[in-house]
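Just dropping this structure here.
For reference, positions follow the sequence shown, starting with 1.
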Amino acid sequence: QVQLQESGPGLVKPSQTLSLTCTVSGGSITTNYYAWSWIRQPPGKGLEWMGAITDGGNIYYNASLKSRTTISRDTSKNQFTLQLSSVTPEDTAVYYCNRDWVIGGTFGVWGQGTQVTVSS
C-alpha cells in the first residue's frame, strides 16, 4: 500500500520559511493520473488545500497562498516538498500530504499529519 509521511521542523519562527517533506513509499509520485497535495488544518478550523503537484510535474496553488507557497518534488527520492515563506502564527496548523486522482473526487491517501507551530 502507498504510504505518505510528513517530516520537517515542528517549530518555525515568524518571518521564516516553513519547509516540509512528504516521503512516499509503496508507489511512485510519477505514477500516472495522481496529484500530490499539501493540506493544512489550523487549530479549530477546517482543512485548507494549499497546492499540489501532479504526476507530470504540473503545479497548482491555492490562490490565497500562492505568493508564499512553493511545491516541488524530487523524483529520485520519491518525495515532494512544501515551502511556505514569511510565516506568521496564523500558519500554525497540522500539515498533511495527500494523494488523490488528478481529477479528484475521492478521499485519497493521507499522511498522518505533522504539527507545525509558528512562534518566537
Worksheet entry | Approximate separation, where rounding is to 0.5 Å, of Thr21 OG1 and Gln79 CD |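 The OG1 atom of Thr21 sits 5.5 Å away from the CD atom of Gln79.
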Worksheet item: Does Ser19 use its side chain to pair, donor to acceptor, with the backbone of Gln83 at less than 3.5 Å?
Response: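 Not at all, since once roles are kept as given, no pair shorter than 3.5 Å links the two residues.
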Worksheet item: Under the 3.5 angstrom rule, does the side chain of Trp36 hit a backbone N or O of Asp55 as a donor-acceptor pair?
Response: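 Side chain of Trp36 to backbone of Asp55: no pair is present.
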Practice prompt. Check each of Phe80, Trp49, Tyr95, Tyr60 against Trp38 using the ring pair (Phe, Tyr, Trp, His ring centres under 6.0 Å) test, and report the only one that passes.
Written response: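 Of Phe80, Trp49, Tyr95, Tyr60, ring pair (Phe, Tyr, Trp, His ring centres under 6.0 Å) with Trp38 is met by Phe80 alone.
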Worksheet item: Out of curiosity, Tyr96 OH to Gln41 CD, how far, rounded to the nearest 0.5 Å?
Response: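 These two atoms lie 5.5 Å from each other.
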Discussion item. Donor-acceptor check, side chain of Tyr33 to backbone of Ile103, threshold 3.5 angstrom: yes or no?
Written reply: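 No, the answer is negative, given that no donor and acceptor are paired below the 3.5 Å cut-off.
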Discussion item. Whether the side chain of Asp91 engages the backbone of Thr88 through a donor-acceptor N/O pair (distance < 3.5 Å, no angle test) should be reported.
Written reply: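 Looks like yes, one N/O pair under 3.5 Å.
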Worksheet entry | Check: Thr106/Asp100 side-chain N/O donor and acceptor closer than 3.5 Å |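 Distance-only check passes for Thr106 and Asp100.
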Practice prompt. Calculate, to the nearest 0.5 Å, the distance between atoms OG and CG belonging to Ser28 and Asn78 respectively.
Written response: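 If we round to the nearest 0.5 Å, Ser28:OG and Asn78:CG are 5.0 Å apart.
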Practice prompt. Without swapping roles, check the side chain of Gln3 against the backbone of Ser25 for a donor-acceptor pair under 3.5 Å.
Written response: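 No, because the side chain of Gln3 does not come within donor-acceptor range (under 3.5 Å) of the backbone of Ser25.
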Worksheet item: For Val94 and Arg40, what are the C-alpha separation, side-chain angles and deciding distance, and is it a side chain to side chain contact (heavy atoms under 4.5 Å, CB included)?
Response: CA-CA 6 Å; Val94 177; Arg40 69 179 183 179; over 6 Å; no
Item to complete: Apply side chain to side chain contact (heavy atoms under 4.5 Å, CB included) to Arg73 and Thr54, showing your working.
Response: CA-CA 10 Å; Arg73 68 179 182 177; Thr54 72; over 6 Å; no
Item to complete: Scan residues 68-107 for pairs that pass disulfide (SG to SG under 2.5 Å), counting only residues two or more places apart or in two chains.
Response: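 Pairs touching residues 68-107 that pass the test: Cys22-Cys97.
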Worksheet item: Looking only at heavy atoms, which two atoms of Pro43 and Ala93 are closest? And how far apart?
Response: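 For Pro43 versus Ala93, the nearest heavy atoms are CD-CA, 4.3 Å.
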Worksheet item: When rounded to the nearest 0.5 angstrom, what distance separates CD1 in Ile29 from OG1 in Thr23?
Response: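 Here the rounded value is 9.5 Å.
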Discussion item. Hydrogens and angles aside, do Thr117 and Ser119 bring a side-chain donor and acceptor to less than 3.5 Å of each other?
Written reply: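 The answer is no; no qualifying pair exists.
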Worksheet item: Can you tell me how far CD of Glu6 sits from CD of Gln115, rounded to the nearest 0.5 angstrom?
Response: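 Between atom CD of Gln115 and atom CD of Glu6 there are 12.0 Å.
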Discussion item. The criterion is side-chain contact (heavy atoms from CB on, under 4.5 Å); which residues satisfy it with Val109, sequence neighbours excluded?
Written reply: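 Counting only residues at least two positions away or on another chain, Val109 forms a side-chain contact (heavy atoms from CB on, under 4.5 Å) with Val2, Leu4, Arg99.
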Discussion item. What verdict does the side chain to side chain contact (heavy atoms under 4.5 Å, CB included) test give for Leu20 and Thr114, after you've listed the backbone C-alpha separation in whole Å, the side-chain angles of each residue and the deciding distance to 0.1 Å?
Written reply: CA-CA 9 Å; Leu20 296 174; Thr114 187; 4.1 Å; yes
Item to complete: Output the distance between atom CG (Leu82) and atom CG (Leu65), rounded to the nearest 0.5 Å.
Response: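 Atom-to-atom, Leu82:CG and Leu65:CG are 9.5 Å apart.
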Fill in: ring pair (Phe, Tyr, Trp, His ring centres under 6.0 Å) between Trp101 and Tyr34, worked out
CA-CA 4 Å; Trp101 297 106; Tyr34 287 121; 4.6 Å; yes
Worksheet entry | No-hydrogen, no-angle side-chain donor-acceptor test under 3.5 Å, Ser85 and Thr17 |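 No, because no side-chain N or O of Ser85 sits under 3.5 Å from a partner of the opposite role on Thr17.
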Discussion item. The test is side chain to side chain contact (heavy atoms under 4.5 Å, CB included); show your working for Tyr61 and Thr70 and say whether it passes.
Written reply: CA-CA 8 Å; Tyr61 296 110; Thr70 301; 4.2 Å; yes
